[in-house]
Amino acid sequence: MAGRFFRGSDSESDSSSDNDEQAFAPPKDRPVRPLAFQLSDDEEEQTRVVRSAKDKRYEELRKIIKLIGNHKKIKDMSKVLSGFEDLGRAYDKAKKVVDKEGGTPRFYIRSLSELDEFVNECWEDREGRKQMSKNNAKGLTTLRQKLRKYNRDFDDQITSYREHPDEGDEDDEEKVVEEKEVDTEEVAPAPVVPEASPVYQKQEGVDDEDDLLSDWSSSETDSSSSDDDLEVGPGGYTLAMFLKKKPGEEGAKKEGKKERATKKESRPKWQPVKKPAYSAIKEKTIMFAKESDITHEAVVKKLAEIIAARGKKGTDRSEQIELLKELMAIADGKNLGPAISVKIMFHILAAIYDYNPNIATCMRTEMWEVCLNFIKKLLGVLVENRDIAIGDNILEESEILDQSPYRVRGCILTLVERLDEEFTKMLQACDAHSTEYVDRLKDESIMCEILEELQQYLEFRSEPTEPCRATSAELCRIYLRRVEHTYYKFDRTIFDEAFDGVDKSKLLMAELCKYIYAKDITDRLRTRAMLCQIYHHALHDRWYQARDLMLMSHLQDNIHHSDVPTQILYNRTMVQLGLCAFRQGMTRDAHNALVDIQSGGRAKELLAQGLLLQRQHERTPEQEKIEKRRLLPYHMHINLEQLECVYLVSAMLMEIPYMAAHEMDARRRMISKNFHHVLRMSERQTLTGPPESMREHVVAASKAMKTGNWKECKNYIINEKMSTKVWDLFFKPLKVQEMITTKIQEESLRTYLFTYSSVYDSLSLFTLANMFELDRSVVHSIISKMILNEELMASLDEPTQTVVMHRTEPTRLQSLALQLSEKVSSLVDNNERFMDVKQGNLFFGKQNQQFGYQNNNQNQGGWQGKGGQKRYDGGGDNKNWQNKNRYNDGDNKGWQNKNRYNDNRGGDNKPGWKQYGGGYNNQNQNSWEGL
C-alpha cells in the first residue's frame with residue numbers, strides 16, 4: 001500500500017481515484033458479500049491450536065520469570081518475593097514434565113542464578129538498604145533466606161551454569177522463536193511489518209542520500225510483497241488468505257528474512273566510545289617537573305599542597321589518598337629517608353579516616369584493609385628505626401626529616417585507637433548471623449597483635465635507667481586497650497586436667513591493671529580497668545577475689561557519676577558476678593547481684609545489647625544514633641534468657657521457703673518483685689497447660705516446691721528443653737545441674753517443715769533423709785540452723801534422732817483471730833482520734849511531768865502496743881506481759897526494770913521466769929534453766 005502513495009505514476013493516481021470513488025459509493029451499489037466469507041463451526045475448529053503439557057508449563061514459568069524481571073528493575077522486593085513464591089509453586093506443578101524431559105530447563109536455572117546475584121548485590125548495598133521502605137527491607141531479608149534454602153537443590157546446576165553461562169542459551173532461544181513462529185502461523189499469518197531503520201553515524205565512503213533511498217526502496221518492496229500476498233476478492237478479503245501457506249511459500253518468506261538480516265549485518269555499526277579511565281586522569285597530575293630536583297623540601301612542599309585541599313568542598317577524597325600514595329612512592333624511590341615516609345603515612349591514614357565523613361557509619365571493607373596495611377607498615381618502620389621520635393608535642397617547624405635523630409609530628413597511639421573504634425563500628429554494622437561477621441571477626445587477632453606490638457614500642461628503653469618512649473598517661477591508654485580486648489575472653493585451658501598452673505591471662509590482667517591503678521590520674525581508666533579485672537575473675541569462677549575487689553573498690557557508691565559506657569561495663573560486671581555466684585552455689589548472692597538488672601525488665605538495654613521500645617516517649621533520631629553507637633558487638637553479648645533463668649531460679653530457692661514460713665503474716669515482704677509478678681501472671685491464666693517457655697518451667701517448679709515435691713520441681717528445672725536453652729550454655733553443665741538439684745532438695749526440705757510442722761508432733765531424721773534423698777548429717781545441719789534462727793519451734797532429740805515440735809506457734813484459726821483483733825483495735829484508735837479532733841480535746845489526757853515519766857497501761861485481750869506495754873491473752877488462759885519502766889530523780893538515780901511473765905491457770909502458779917535487776921530466778925522446781 002505504501003508503494004501506491006509514494007512511487008506511483010499519473011495513471012496509477014487516476015486508477016486510485018477511481019477506486020476511491022467506487023469505495024465511497026452508496027451502500028445500495030455495493031456488491032453483496034459471497035457466502036464463502038461466512039466461517040462455519042468446522043472451519044473454526046480447524047484453526048484451534050493444541051499445545052502439549054510441556055509448552056503450557058514452560059510458558060507459565062517464563063511469564064512469571066518475566067514479571068520478576070520487571071519487579072527487579074524497580075527494586076520492588078515485596079513483589080519479587082511474591083513472584084519467587086509463585087515461581088516455586090509453578091515449578092512444583094511442572095515437576096512431572098521436567099522429570100520426563102530429563103532435567104530442569106536451562107532458562108529456569110538462569111533465572112535462579114540471576115535472582116541470586118540480584119539479591120546479593122542489593123544486600124551488599126548498605127546505603128540502599130537503609131533507604132528501603134520497611135516492606136521492601138523485610139521482603140529482601142525474607143527473599144534472601146528463602147532463596148538460599150531453595151537454591152540448595154540446584155547448587156550443581158547453578159554452578160555449572162555460572163562456569164559456562166553461554167552454553168544452551170542459544171538453543172533455548174531458537175526453540176522459543178520457532179515455537180512462537182509455529183503458533184502465529186497456526187493462528188493467522190499476519191502481514192510482515194517492516195522494522196524502523198536505525199540511524200547510524202556517518203562514516204567515510206557512505207552517502208546519506210543513497211542510504212536513505214535504499215532504505216525506502218527496501219521498505220516499499222517489503223510492503224508491496226506483503227500486499228501482493230494478500231488475496232483480495234471482489235468484496236474484500238477472501239477465505240484463502242486465512243488458510244495456511246504452502247511449504248514452498250513459507251520457505252520463500254524465510255529466505256527473504258535471511259536476506260534482510262544479511263543486509264542489516266552489512267551496514268556500518270555503532271562505534272563504542274570509551275570514557276577515559278581514572279588512571280588516565282591520574283597520570284595527567286604531574287607531581288614534579290621532569291628536570292626538577294626532588295629533595296626533602298620539595299616533597300614537604302608538595303605534601304602541604306595536597307593537604308591544603310583536605311576538607312574543602314569538591315575535594316575528591318579517594319583522589320587525595322592516591323596522590324599521597326604516589327608521593328610516598330616517589331619519596332621512597334629517591335631514598336629520602338624513613339622520616340619523610342613516616343610523615344606521609346601519618347597523612348595517608350588521616351585521609352583514610354576522613355574518607356567517611358559520617359561518624360555514625362562504619363568504614364568500607366576495602367578502605368579498612370588499606371588502613372590496616374598502612375598501620376602495620378607504619379608500626380614496622382617505627383620499630384626498625386628507633387632513632388625516629390614522634391609525638392603531638394613536636395611542632396612542624398621543629399621537625400627533622402633529613403638526618404638522624406629524626407623528629408616527626410604525629411601520634412601512632414591515636415591512630416591505633418581510632419582503628420580500634422572503626423573495628424568496633426564495623427562489627428556493629430554487620431549482621432551477627434552472617435558469614436561477613438565471622439570474616440570481620442578474624443581481624444580481631446590482627447588488632448590484638450597490633451596493640452601488643454605498639455605496647456612493646458612504647459615501653460622500649462635504650463637503657464634500663466632511661467624512661468620509656470611514652471608518658472605514663474599514654475601507657476595507661478594502651479594498657480586499657482589491651483585489657484578491653486582480653487577481659488571477656490574465656491580461657492578453657494585453666495580448667496583442663498593437664499593445666500600446669502600458670503594462668504597467663506590472669507597474670508597479664510593483673511600486670512596491666514596494677515600499672516593503671518598506680519599511674520592513672522583521670523579515675524575513668526582506673527574504674528574501667530577495675531571493672532574489667534572483676535569481670536575476668538568472675539568469668540573464670542574466682543568468686544571470692546572478684547567479690548572482694550568489688551567491695552573494696554566501693555564502685556557501687558559512685559558509679560552513677562560515671563559516663564554511660566562505664567555504667568554499661570558496671571552492669572555487665574554485676575551480671576557476671578551473679579552468674580559466678582550461681583555457679584558456686586551461692587544463690588542469695590547471685591540474686592542480690594542480678595536483682596537491679598532484672599527488676600526493671602530492661603536488661604537488654606542496660607547491657608547495651610539492643611534497644612527497647614519506650615512507651616513514655618519516643619527517641620529522637622539523634623538519641624537513637626547515639627544509643628546505637630553504644631551497643632556492643634555480638635560476640636561480647638551475655639545470653640539474656642540464661643540470665644533471666646538464673647535470676648528466677650535463685651529467687652525461687654529463696655522466696656518459696658520464705659512464703660511457706662510467713663504464710664499467715666499480713667505484713668510479709670517480697671524478696672523478688674519480678675518473681676511474684678511472674679507467679680501472679682501464671683495464676684491469672686484460665687487454662688494452664690504444659691510448660692513451654694523458660695518462665696513457665698520455673699513457675700511450675702515453684703508450685704511443686706510449695707508442696708515439698710522436690711522430684712517434680714527438679715524435673716521441671718532440669719530437662720532436655722531447659723538444658724538446650726540454658727544449662728548447656730554453662731562451661732560444665734553437669735556440675736551446675738548437680739548443684740541445682742542439691743539446692744532444690746535442701747530448700748524443699750525447709751519448705752516442707754514450714755508447711756507441715758503443725759501437723760507433726762515429731763519427725764525422724766532418717767525419714768526426712770530418705771524422703772529428700774539427702775545425707776542425715778545434711779538434714780541435721782539444716783534443721784539445727786532453722787532452730788537457731790528461730791524459724792522452727794522444735795528441739796532435736798539426739799538419742800532417738802528425731803525432731804520434737806513444741807507447738808508454740810499459733811494455729812491458722814488463732815492467726816486469723818490475731819489479724820482481726822489488730823484491725824479492730826486500729827479501727828477503734830482511729831475513731832477515738834477522730835472524735836478527739838472533732839470535739840477539740842486533742843491534748844486531753846496527756847500528762848507531762850517535769851522530773852519523771854511514768855507509763856503504766858493495761859489492756860485485756862489481743863496484741864496491742866501502748867506506751868511500751870504488750871500483753872497476749874488467748875485461749876482462756878491469762879498470759880500477761882507487763883512492762884514497768886520508771887525513772888526516779890532522787891538520791892539513787894537509775895533505771896529499774898521489772899519484767900515478769902505469769903502463767904495463771906485455775907489459780908495455780910505454773911513454771912515461769914522472773915527477771916529483776918538483770919538477774920534470773922526460777923520460782924518453780926519443775927522448770928528448766930538456760931539462756
Side-chain angles (χ1 to χ4, degrees), residues 490 495 541 575-576 578-591 594 598 601 603-604 637-660 671-672 674-752 755 768-775 778 782:
F490 181 69
F495 295 99
D541 289 342
V575 165
Q576 201 58 244
L579 294 176
C580 177
F582 185 81
R583 290 192 297 266
Q584 300 299 317
M586 303 174 184
T587 55
R588 185 175 294 274
D589 293 326
H591 177 272
L594 300 177
Q598 289 295 131
K604 186 176 183 180
H637 285 193
I638 299 172
N639 191 284
L640 297 177
E641 190 170 11
Q642 179 191 23
L643 177 63
E644 186 178 8
C645 182
V646 167
Y647 171 74
L648 291 178
V649 171
S650 302
M652 178 191 73
L653 295 174
M654 295 171 57
E655 194 76 54
I656 298 300
Y658 181 81
M659 291 169 63
I671 298 175
S672 173
N674 194 10
F675 179 74
H676 278 275
H677 176 70
V678 173
L679 287 181
R680 283 195 301 270
M681 293 299 293
S682 66
E683 292 173 357
R684 291 177 185 174
Q685 295 179 358
T686 56
L687 178 62
T688 304
E692 294 291 337
S693 64
M694 178 269 301
R695 290 186 180 183
E696 292 176 355
H697 277 85
V698 176
V699 170
S702 303
K703 293 179 180 178
M705 183 182 281
K706 282 182 180 180
T707 60
N709 191 350
W710 73 271
K711 289 185 178 179
E712 186 178 356
C713 177
K714 178 244 182 187
N715 292 333
Y716 280 126
I717 294 295
I718 300 174
N719 51 54
E720 184 178 357
K721 187 180 291 186
M722 289 290 288
S723 297
T724 304
K725 288 184 177 180
V726 179
W727 307 125
D728 289 345
L729 300 177
F730 287 95
F731 175 59
K732 293 182 178 180
L734 295 178
K735 182 180 177 182
V736 175
Q737 291 176 9
E738 291 175 0
M739 181 271 298
I740 294 172
T741 304
T742 304
K743 287 290 182 182
I744 289 174
Q745 290 171 330
E746 294 176 357
E747 298 303 327
S748 297
L749 172 60
R750 285 166 46 83
T751 307
Y752 185 83
T755 306
L768 292 174
N770 294 331
M771 185 186 299
F772 293 95
E773 297 183 7
L774 292 170
D775 293 336
V778 176
I782 292 173

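Residues: numbered from 1 along the sequence shown.
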query = Has the side chain of W710 got a donor or acceptor atom that lies under 3.5 Å from a matching backbone atom of T741?
reply = no

ask   = For the side chain to side chain contact (heavy atoms under 4.5 Å, CB included) test, which of I717, V726, N719 pairs with H697?
value = N719

Salt-bridge present (K721, E692; N to O < 4.0 Å) = yes

task = Kindly say whether P657 contributes a backbone atom to a donor-acceptor pair with the side chain of E747 at under 3.5 angstrom?
result = no

query = Any donor and acceptor pair, going by atom type alone, linking the side chain of K706 with main-chain N or O of I656 inside 3.5 Å?
reply = no

key: Side chain N639, main chain L729, donor-acceptor under 3.5 Å   = no

query = CE of M659 to CE of M654: how many Å apart, nearest 0.5 Å?
reply = 13.5 Å

message = Donor-acceptor check, side chain of S682 to backbone of L679, threshold 3.5 angstrom: yes or no?
response = yes

ask   = For D541 and F731, what are the C-alpha separation, side-chain angles and deciding distance, and is it a side-chain contact (heavy atoms from CB on, under 4.5 Å)?
value = CA-CA 11 Å; D541 289 342; F731 175 59; 6.0 Å; no

message = Using modelled atom types and a 3.5 Å cut-off, is there a donor and acceptor pairing between side-chain atoms of E641 and backbone atoms of K725?
response = no

key: Minimal non-hydrogen separation, E696 against P690, with atom names   = OE1-O, 4.0 Å

message = To the closest 0.5 Å, what do you measure between CD (E738) and NZ (K732)?
response = 11.0 Å

ask   = CD1/I638 to NZ/K604 distance, rounded to the nearest 0.5 angstrom?
value = 14.5 Å

inquiry  = Counting only heavy atoms not in H676 (residues, nucleotides, ligands), do more than 12 fall under 6.0 Å from its NE2?
reply    = yes

inquiry  = Quick check against the 3.5 Å criterion: does T755 have a side-chain atom that pairs as donor or acceptor with the backbone of Y752?
reply    = no

inquiry  = Taking atom NZ as the centre, does K735 end up with more than 12 heavy-atom neighbours from other residues, nucleotides or ligands that are less than 6.0 angstrom away?
reply    = no

request  = Can you see which heavy atom on A590 is nearest to which on G578, and at what distance?
outcome  = CB-O, 3.3 Å

ask   = Can you tell if the side chain of Q584 reaches within under 4.5 Å of the side chain of D589, non-hydrogen atoms only?
value = no

remark   = Tightest non-hydrogen contact, residues E655 and S672, listed as OE1-N, 3.0 Å

E720, CD: over 12 other non-hydrogen atoms inside 6.0 angstrom = no

key: Taking every non-hydrogen atom, the tightest pair across G585 and K743   = O-CE, 2.9 Å

note = Rounded to the nearest 0.5 angstrom, the CZ-CG distance for R750 and L653 is 10.5 Å

ask   = How close do P733 and W727 get, heavy atom to heavy atom, and via which atoms?
value = CB-O, 3.2 Å

